[in-house]
Structures are given as structure tokens and as C-alpha cells.
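Inspection log for the structure reproduced underneath, given as C-alpha cells.
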Amino acid sequence: MGKQEKIFEILSKLNDRQREALLQIEGPILVIAGAGSGKTRVLTYRIAYLIHQSIAKPEEILAVTFTNKAANEMKQRIKDIVGRRANSIWIHTFHSMGARILRENYDLLGYSKNFVIYDREDQKRLLKNIMKSAGWKFDVGSLIYHIEQFKKYGVMPQDGRIQSVIEEYMDHMKKNNAMDFDDLLANTLKLFESYPQVLDKYAKKFKYIHVDEYQDTSPIQYKLIRRLLKYHDNIFVVGDEDQSIYSFRGADFRIILNFERDFPNAKVVKLEQNYRSTKEILDLANRVIKNNRSRRHKVLWTNNTKGKKPAVLSHYSDREEAAAIVRIIEKSGRPYSDFAILYRVNALSRALEEALMRNGIPYNIVGGFRFYERKEVKDLLAYLRLIYNPRDDMALERIISVPPRGIGSRTLQAFREIAQREGISIYEAIKGHLDEVARGRKTRQALENFVEIIEDMRGREGNLHEMAQELIDRIGYIEYIQSTEDPGQAQNRLENIQELINSMRGYSSLEEYLESISLASDQDELDTRSGVKLMTIHSAKGLEFPVVFVIGLEENIFPHFLSISENNIEEERRLFYVAVTRAQEELYLSHCERRTFRSEMLQPSRFLEEAGLLDEEEDSYTIREYTYEEEDTGDHPFRIGDIVEHRKFGIGRVMSIDGERVKVLFQREGLKTLVLKYANLKKVS
DNA sequence: GTATTAGTGTTTTTT
DNA sequence: ACACTAATAC
């Protein structure tokens with residue numbers, strides 16, 4: 001295809017408004033893009049257009065997206081149009097952009113190149129250690145809150161003791177060459193402000209800057225963008241104030257509302273045609289969101305046919321709710337991957353998980369317990385982190401006794417004190433002060449072995465995954481898992497380890513791999529998996545599904561009681577709006593009266609009323625299923641004699657059931673004893 | 001001194 | 001499902 005035809009093809013795939021936005025090349029442009037209005041398409045095509053028409057070189061383009069998944073998808077789609085040149089475009093999240101810039105200029109702020117990124121768990125571990133040595137006990141969660149407040153707004157709490165914990169926290173981070181998520185942004189800004197020549201380098205490089213999901217930009221992110229616009233004003237942002245749902249992490253949707261004020265010659269384009277959902281679904285979304293006051297006027301419309309009416313599911317308990325959802329899924333005849341179940345809080349996934357598992361419906365949970373949060377994965381990653389950065393105390397603390405090697409809390413404490421005294425890391429203390437602490441032969445030997453393994457791995461040449469394999473062998477991790485877990489669980493963990501090793505292929509350095517892991521988001525691991533998807537509404541942002549269930553539509557759950565008391569109902573309403581606009585064809589809104597871990601009787605969410613779905617006698621929207629089911633005490637649907645299917649072993653017959661274990665005679669593999677919870681058996685009718 | 005175990009708590013949303 | 005604690009075992 002010739003060059004001009006390709007451009008013609010791109011432009012012909014857009015509607016008038018989208019094309020108008022795309023062809024606006026110079027100056028500040030705000031695209032107000034309602035849910036499902038094709039904003040990603042506009043953003044992608046615009047960047048492809050800039051390159052294809054030689055308006056900009058790839059390396060002169062910066063695009064900031066919300067997740068790494070979105071970044072990768074965008075890069076791929078641009079590649080499809082302009083080819084390999086797409087590789088030199090900077091497409092990043094704010095955090096990964098910060099990390100990249102900081103690594104390119106690490107020395108200026110006094111870090112080493114191999115700084116690590118501490119996650120929530122590391123932060124907590126560190127804070128606990130600090131309090132332990134000071135003899136104080138504060139709530140770790142609120143300490144993290146104070147740290148974030150300080151980093152974002154410079155606000156220090158009154159209490160001197162809390163101040164000193166925070167100071168020590170930051171001191172430790174610096175000394176140990178670590179940054180937390182906020183540091184990635186704050187330090188980048190600091191770099192720009194303290195070293196104008198560094199800012200100039202980037203501000204001159206990036207001639208066209210794009211920001212996706214602009215409504216969730218925080219003040220510090222906004223400042224970063226403003227700095228980069230030092231020499232020009234080619235800023236193209238896409239967003240929708242109705243979908244601003246991250247205020248708790250600093251997002252401020254007034255930034256998008258103030259765009260024209262901040263950039264006086266701004267051009268604004270509104271995209272209101274929706275290509276995702278049916279008219280019924282959009283009408284419902286519009287009815288609810290119009291109750292918000294802080295927004296521009298906007299009404300989504302579509303050419304889609306009317307479609308199926310959204311339904312309300314009303315049940316007594318969460319068990320029945322789950323059972324009803326299972327029935328709807330099974331009756332539909334659709335593939336499981338068509339369904340998504342969305343909820344306000346992670347805790348609501350429990351009852352569903354059980355029901356799905358019992359009925360042999362494949363599912364996967366996004367977030368909550370993520371792959372990268374499993375014990376075995378975190379253990380091995382901690383080893384890699386320590387190998388990469390010997391100053392990573394939190395990594396060392398995690399794995400010093402995993403597997404147990406005869407080094408206990410007393411020994412560790414002794415090295416902590418030496419590290420503190422000498423201003424070095426714990427690992428360095430072990431290496432340099434072995435004699436002072438370990439006078440017992442056994443402890444000394446154990447420490448020497450440990451250090452030797454870490455040093456050997458660090459000095460090793462060759463592939464990452466081969467190094468990891470050798471590491472696992474030398475620390476005896478497989479044996480450790482097998483001796484401490486029951487067979488089903490151990491099998492599971494070993495599979496995860498294998499998956500982890502496989503995920504290392506394709507990375508050329510430990511640095512690159514660790515960074516991609518620490519900045520990974522929920523959505524990043526979503527793609528390859530089939531089955532029903534379960535996730536929070538926050539995690540579902542930017543995604544779409546043929547059939548969506550939104551559960552937990554009860555007062556104090558959704559809207560959440562903390563948002564009610566903090567007078568943050570509008571954000572909850574936006575969250576509801578995001579949830580329902582994920583649905584392409586069918587939408588089910590579910591509430592019930594009683595939930596596990598909740599003693600009180602639950603009232604239906606106000607959003608159901610705003611959607612016009614309550615208080616109608618003989619309501620055509622409502623499916624009433626007040627079925628008080630028999631308690632399934634066995635907790636599984638299997639009977640002796642049933643024919644079942646197992647993912648690996650194939651078809652077999654249930655021979656006996658004993659509590660949570662079943663014996664199954666498989667055609668190929670013979671008799672196996674399986675733990676029901678893990679076996680994921682499917683009934684074959 | 002270190003390892004293991006049983007019991008407890010965990011639940012707003014996340015890069 | 002996990003981390004943390006306190007108690008006991010080695």
C-alpha cells in the first residue's frame with residue numbers, strides 16, 4: 001500500500017469529530033472523550049499520522065498512558081502502521097517515564113544506577129523495623145498515608161515521634177538506594193527543577209506530548225508535563241471528567257476542567273458517539289451521571305440497536321447472588337471469556353470464587369491476589385533484587401531465612417545494628433563483619449554459604465532465566481516447597497516458579513526485568529487468560545466486555561461508607577458510570593441483603609434508584625430470585641460415580657470422596673487423589 | 001538460638 | 001491466601 005493510501009485509510013476509519021481532533025496538529029488540544037468513543041484510536045492514529053507524514057520523528061514524541069498494558073497496545077498498533085520506527089517513541093506511564101529519566105540521570109540526585117523500587121510490602125516492612133528499634137507502635141497504614149501527604153504536599157504531621165519515623169524512613173530509602181512510587185515522580189520533578197540543563201534536554205527532545213486519561217492526572221504529574229512544555233505548547237490530552245476515579249491517589253479532575261484556562265489558545269473537541277454499548281446501557285449511564293454537578297455537559301449516543309434491558313438481580317445472600325450469576329453464565333451459551341464481574345472492593349470476590357470453582361467455571365481474578373504477590377514469586381524476586389542491589393535491605397530481610405538455613409532473628413538483629421552503626425546495608429554488614437557476630441561454627445558457615453551464592457549469581461554471565469534456575473537449585477527452593485506444602489499446593493507453586501522463569505526470557509538484563517515487574521499493573525497480566533474475569537472497577541478502567549455483572553450495589557458498599565462520610569459521592573457515581581460503561585451487550589446490576597463479614601441488613605444502592613431501576617411494581621427490569629437454596633454442606637457438586645474432567649489428567653470417574661479430597665480413576669493416568677480446592681475438576685454430563 | 005506450629009487478623013480503590 | 005505472633009520443639 002502506498003503512503004497516501006495508508007493515510008487515507010487511517011482517516012476514513014474515523015468519524016468527523018475524531019478526524020477533527022487528529023488533524024489539529026499544533027498547540028494545546030483537549031479531546032473530551034466519553035466512554036467507548038474511540039479515544040485510544042484517535043491517540044494512536046494521531047501519533048502514527050505525525051510520524052507517517054514526517055511531521056515529527058518518533059523520538060520527538062512522548063505519550064503517557066495509564067497502564068503498561070495500554071502503552072504496549074498503543075505501541076503495537078502504531079507499529080502496525082509505521083513499522084519499527086515506533087520503537088523509539090517514548091510510550092510510558094508517568095511512573096515508568098520517571099524511572100527511565102531517573103536512571104538516565106541517576107548520579108545527579110545521589111542515587112546509584114541500580115536503585116530499586118520499594119512496593120507497599122517493602123514500605124511496611126521498613127516502617128515496622130524502624131518502629132521496633134524505636135520502641136513505638138503506630139498504625140503502619142496511617143504512617144504510609146502521612147509519608148504520601150508529605151511527599152505530595154509537604155505536610156508533616158504534628159507529632160514529633162511520627163515525624164522522626166518519617167525522617168528515618170526517607171533516610172533509609174536514600175541510604176539503601178531505594179525509591180517508592182511517589183519518589184519516582186517527586187524525584188523527577190526535583191531533577192528538572194535543580195538541573196535546568198537536564199530538563200532542557202527532554203523539553204527540547206519531546207516536540208509532541210500526549211497524555212491519555214488526563215482526568216486522572218495528579219498535580220505533580222501536571223507539573224512534570226508543564227516543565228516539559230518549556231519550549232513549545234504541543235500538548236494533546238484525552239480524557240473524560242466523568243471517569244475520574246483516582247482522587248485517593250492524588251488525581252485531581254479539576255486539572256482537566258481547567259485545561260482551557262491553563263492553555264489559553266486550547267482547542268477542544270468532544271467525542272460523544274459511543275461505539276461500545278447498546279442504547280439501553282448508555283441511557284442508564286447517562287441517567288446516573290447527570291446527577292453529578294462538577295462536569296461539562298455531555299450526552300453519549302449510539303447507533304447501536306436497543307439491545308437487552310439491563311437487569312437488576314436481588315437476592316437474600318451473597319451465596320445466592322453468586323449462584324444466580326453462575327446460572328446466567330451457564331444458560332447463556334456464550335464463551336466464559338465474554339463475562340466480567342466487577343465490584344467495589346476486593347473482598348466481594350470470595351463468594352463468587354467459591355461458586356465458580358464449585359461449578360467448574362474457569363475464572364481469573366485480576367488484582368487482589370496477583371501473580372506477582374504470591375509467596376514463591378516474591379521470594380525469588382527478592383533474591384534477584386538482592387543480587388542486583390546489595391543495599392536492598394527489605395529484599396534481604398525477606399529471604400535470609402527462606403529456605404531456613406540456620407540464621408535466626410537474633411543474628412539478623414545483630415547485623416541490623418551493625419548496619420545502622422556503620423551506615424551500611426545489612427548485606428554489606430554480613431559480608432564485612434562476619435567475625436563480630438557469628439562465632440558459632442554453624443551460623444558462620446550458613447552466612448558464608450549465603451553470601452557466596454549471592455556473589456556467584458551477581459558475577460554470573462549469561463541468560464537471566466538460566467541464572468534464576470541455578471539460583472533455585474543452589475538454595476534448594478524446590479525441596480523447600482515440597483517439604484513444607486501439601487502436594488497440591490506444592491505443585492501449584494512449582495508451576496508458578498516455572499512461569500516466572502519463563503517470563504524472564506526476552507529480558508536482556510536484570511535491571512530491565514526487575515523494573516518491568518515493579519511497575520507492572522493489574523491489567524498487564526490479563527491478556528492471555530481466558531475464563532470469566534473478576535476485578536475491581538478500578539482495575540476494569542479502559543476495558544470492555546460483552547456481558548458485565550456489577551455486584552455489591554448496596555449502600556455503604558457501593559457507594560462505600562468512607563466516601564459517603566467524606567462527602568465524596570460524586571466520585572463514587574463516576575465509579576458507577578465507569579462500571580456500567582464497560583458493558584457492550586448485557587448488563588446486570590446486583591445487590592443483596594446479607595453479605596459474609598457484614599452483620600447489618602444492606603439497603604440497595606442509591607445508584608440503582610438514580611438509574612430508574614427500583615420502586616417499580618412488577619418491574620420488567622428486575623429478575624427476582626429469592627431462592628433460599630439448600631446448604632451444600634459438602635461444598636462441592638460431586639458424587640461417587642460422576643464423570644469428571646481435569647485440566648491435565650483428562651477424563652476420569654470419581655471413586656470416593658473424603659471431605660476435601662477425592663479419588664478419581666483417570667482413563668490415562670490411573671487412580672489419583674486430588675484436593676478438590678485445587679484440582680479444578682469439571683463435571684462432564 | 002533457630003525452626004515449626006497453631007492461632008489470629010485481614011476489607012477502599014492502586015502506579 | 002498471606003503475614004504476623006506467641007508458644008513449643010529441637
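Letters A, B, ... mirror the listed sequences (proteins, then strands); counts begin at 1.
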What is the distance from [atom1] of [X] to [atom2] of [N], rounded to the nearest Å?
| X | N | atom1 | atom2 | value |
| --- | --- | --- | --- | --- |
| A/Asp486 | B/dT5 | CG | P | 13 Å |
| A/Ile144 | B/dT12 | CD1 | C1' | 15 Å |
| A/Met357 | C/dA1 | CE | C1' | 11 Å |
| A/Arg350 | B/dT11 | CZ | C1' | 10 Å |
| A/Leu519 | B/dT15 | CG | P | 10 Å |
| A/Lys378 | C/dA3 | NZ | C1' | 12 Å |
| A/Leu348 | B/dT10 | CG | P | 17 Å |
| A/Asp122 | C/dA3 | CG | P | 12 Å |

Would you mind telling me which of [options] lies closest to the side-chain atoms of [X]?
| X | options | value |
| --- | --- | --- |
| A/Arg374 | B/dT14, B/dT2, C/dC2 | C/dC2 |
| A/Arg120 | B/dT14, B/dT12, B/dG1 | B/dT14 |
| A/Gln489 | B/dT13, B/dG1, C/dA1 | C/dA1 |
| A/Phe181 | B/dT13, B/dT15, B/dT12 | B/dT15 |
| A/Lys375 | C/dC2, B/dT13, B/dT4 | C/dC2 |
| A/Thr443 | B/dT2, B/dT12, B/dT15 | B/dT2 |
| A/Tyr246 | C/dC2, B/dT14, B/dT12 | B/dT14 |

Would you mind classifying the nucleic acid contact of [X] as base, sugar-phosphate or nothing, using non-hydrogen atoms under 4.0 angstrom?
| X | result |
| --- | --- |
| A/Arg405 | sugar-phosphate |
| A/Ser539 | sugar-phosphate |
| A/Leu575 | nothing |
| A/Arg249 | base |
| A/Lys128 | sugar-phosphate |
| A/Arg574 | nothing |
| A/Arg125 | nothing |
| A/Thr484 | nothing |

What I want to check is whether the side chains of A/Tyr202 and A/Asn105 have a donor and an acceptor closer together than 3.5 Å. yes
Residue pair A/Glu121 / A/Gln123, side-chain donor-acceptor N/O under 3.5 Å: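 Not at all, the side chains of A/Glu121 and A/Gln123 share no donor-acceptor pair under 3.5 Å.
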If each of A/Ser518 and A/Ile407 is mapped to the nucleotide of DNA chain B with the nearest heavy atom, which maps nearer the 5' terminus, i.e. the 5' end?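 Looking at the nearest nucleotide for each, A/Ile407 comes out on the 5' side.
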Upstream residue (5' side of DNA chain B) when A/His560 and A/Phe94 are each assigned their closest nucleotide: A/His560
Inter-residue atom distance A/Lys39.NZ - A/Tyr214.OH, 0.5 Å rounding: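 So the gap between those two atoms works out to 14.5 Å.
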When rounded to the nearest 0.5 Å, the distance separating CG of A/Leu562 from CG of A/Asn556 is 9.5 Å
Mark this stacking check for A/Phe248 against B/dT13 as yes or no, applying ring centres under 5.5 Å and ring planes under 30°.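 Yes, A/Phe248 stacks on the base of B/dT13, since the ring centres sit under 5.5 Å apart and the planes are within 30°.
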Ring stacking, A/His95 with base of B/dT15, under 5.5 Å and under 30°?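 No; by the centre-distance and plane-angle rule, A/His95 does not count as stacking on B/dT15.
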P-based separation of C/dT5 from B/dT11 [nearest Å]: 15 Å
Give me the one residue out of A/Arg398, A/Arg493, A/Arg385 that meets salt bridge (charged side-chain N to carboxylate O under 4.0 Å, His left out) with A/Asp379. A/Arg398
Show your working on salt bridge (charged side-chain N to carboxylate O under 4.0 Å, His left out) between A/Arg374 and A/Glu495 and close with a plain yes or no. CA-CA 12 Å; A/Arg374 309 236 177 92; A/Glu495 281 169 15; over 6 Å; no
Determine: side-chain N/O of A/Asn346 to OP1/OP2 of B/dT13, distance under 4.0 Å, yes or no. yes
Is any side-chain N or O of A/Thr411 closer than 4.0 Å to OP1 or OP2 of B/dG1?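 No, outside the criterion.
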Is the A/Tyr246 ring parallel, tilted or perpendicular to the A/Phe248 ring (thresholds 30°, 60°)?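 Taking A/Phe248 first and then A/Tyr246, their aromatic rings sit tilted (interplane angle of 30° to 60°).
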